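Structure first, then comments.
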Amino acid sequence: MNGEKTMKQLQQDVDKYIGQYKEGYFQPMEMMARMTEELGELSREVMHEYGPKKKKSTEDVNSIEEEMGDVLFVLICMANSMDIDLAQAHDRVMEKFASRDKDRWTRKDEDK
């Protein structure tokens with residue numbers, strides 16, 4: 001696996017994986033439930049790493065990176081099943097933030 005993949009390649013990888021099974025993609029509400037589950041698992045890992053609630057010795061060792069990968073996989077599944085190009089979605093949201101929030105935060109290059 002290469003960390004230099006484009007979003008299009010990631011979407012193609014997931015589609016190729018899902019395409020080998022007769023069941024195909026889950027329905028949108030099923031995927032939303034899966035996304036919620038995966039976000040909960042990510043939240044739990046962040047809490048264990050950065051929050052006051054540490055893992056019990058009997059709990060499985062998971063990583064934030066692994067849980068983010070799970071969230072990304074489900075997000076890509078949702079996008080693929082709805083024919084959404086995530087690269088285009090990303091570009092649109094970046095344009096929105098660049099215009100809507102351009103003066104919201106203090107830029108690093110501003111004089112102090």
Side-chain angles (χ1 to χ4, degrees):
M1 294 279 177
N2 180 346
E4 300 293 323
K5 291 184 178 182
T6 66
M7 185 57 71
K8 183 177 186 85
Q9 290 168 321
L10 293 174
Q11 286 192 252
Q12 289 170 340
D13 286 352
V14 170
D15 198 55
K16 183 178 177 183
Y17 174 77
I18 296 294
Q20 65 186 328
Y21 300 105
K22 290 180 182 179
E23 293 80 4
Y25 290 106
F26 294 153
Q27 293 299 309
M29 288 303 296
E30 293 170 312
M31 283 191 277
M32 196 67 239
R34 283 214 47 221
M35 177 67 77
T36 302
E37 177 185 354
E38 296 300 346
L39 284 171
E41 292 174 12
L42 174 59
S43 177
R44 185 174 178 85
E45 289 303 313
V46 170
M47 173 64 82
H48 290 315
E49 183 73 23
Y50 298 102
K53 186 177 178 188
K54 302 304 177 191
K55 280 193 179 197
K56 298 176 188 171
S57 61
T58 57
E59 290 184 282
D60 290 339
V61 176
N62 289 337
S63 70
I64 292 172
E65 180 181 5
E66 182 180 342
E67 297 304 337
M68 284 185 173
D70 290 344
V71 169
L72 181 60
F73 178 81
V74 176
L75 179 65
I76 291 171
C77 284
M78 288 182 73
N80 285 354
S81 73
M82 298 176 195
D83 292 322
I84 293 172
D85 181 322
L86 285 172
Q88 287 179 2
H90 170 267
D91 290 347
R92 281 194 302 275
V93 78
M94 291 305 294
E95 287 175 21
K96 176 179 70 174
F97 288 131
S99 63
R100 184 187 71 190
D101 295 339
K102 66 182 173 71
D103 297 321
R104 184 174 184 180
W105 310 106
T106 305
R107 293 190 176 275
K108 289 182 176 182
D109 60 357
E110 288 182 7
D111 292 330
K112 294 182 181 189

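Remember, predicted model here, so these are calculated numbers, not experimental data.
Listed by first and then second residue, the salt bridge (charged side-chain N to carboxylate O under 4.0 Å, His left out) pairs involving residues 87-96 amount to none (not counting sequence neighbours). The salt bridge (charged side-chain N to carboxylate O under 4.0 Å, His left out) pairs that include a residue from residues 27-38 are Arg34-Glu38, where partners are two or more places apart or lie in different chains. Identified under the side-chain hydrogen bond (donor to acceptor under 3.5 Å, both in side chains) test for residues 70-79, with sequence neighbours left out: none.
Take Ile64 and apply the side-chain contact (heavy atoms from CB on, under 4.5 Å) test, not counting sequence neighbours, and it matches Leu42, Glu45, Val46, Glu49, Tyr50, Met68. The side-chain contact (heavy atoms from CB on, under 4.5 Å) test applied to Met94 returns His90, not counting sequence neighbours. For Glu67, the side chain to side chain donor-acceptor pair (under 3.5 Å) partners two or more places apart in sequence, or in a different chain, are Asn62. In this structure, the salt bridge (Lys or Arg N to Asp or Glu O under 4.0 Å) partners of Arg104, at least two apart in sequence or on a different chain, are Asp101. Under the side-chain contact (heavy atoms from CB on, under 4.5 Å) criterion, Ser99 pairs with no residue at all, not counting sequence neighbours. Taking the side-chain contact (heavy atoms from CB on, under 4.5 Å) definition, one finds that Ser63 meets it with Glu65, Glu66, sequence neighbours left out. Residues passing the side chain to side chain donor-acceptor pair (under 3.5 Å) test with Asp15 are Tyr25, sequence neighbours excluded. Checked against ring pair (Phe, Tyr, Trp, His ring centres under 6.0 Å), Phe97 has no partners two or more places apart in sequence or in another chain.
The minimum heavy-atom distance between Met31 and Ser81, with the atom names listed, is CE-OG, 3.0 Å. Looking at every heavy atom in both residues, Lys53 comes nearest to Arg44 through NZ-NH1, 4.0 Å. Listed here is the closest heavy atom pair of Ile18 and Gly24: CG2-C, 3.5 Å. Counting all heavy atoms, side chain and backbone alike, Pro28 lies closest to Met78 at O-CE, 4.4 Å. Between Ala87 and Met7, the closest heavy-atom pair is N-CG, 3.8 Å.
Under the 3.5 Å distance criterion, the side-chain polar atoms of Ser43 are left unmatched by any main-chain donor or acceptor of Leu39. Under a 3.5 Å cut-off, the side chain of Lys54 and the backbone N or O of Gly51 do form a donor-acceptor pair.
Side-chain heavy atoms closer than 4.5 Å link hydrophobic residues (I, L, V, M, F, W, Y) into clusters, and following such links, even through other members, never connects Val93 to Leu10. Following chains of ILVMFWY side-chain contacts shorter than 4.5 Å, one can reach Met82 starting from Tyr17, so the two form part of one hydrophobic cluster.
For Phe73, the CZ atom counts as densely surrounded, since its 6.0 Å shell holds more than 12 non-hydrogen atoms of other residues, nucleotides or ligands.
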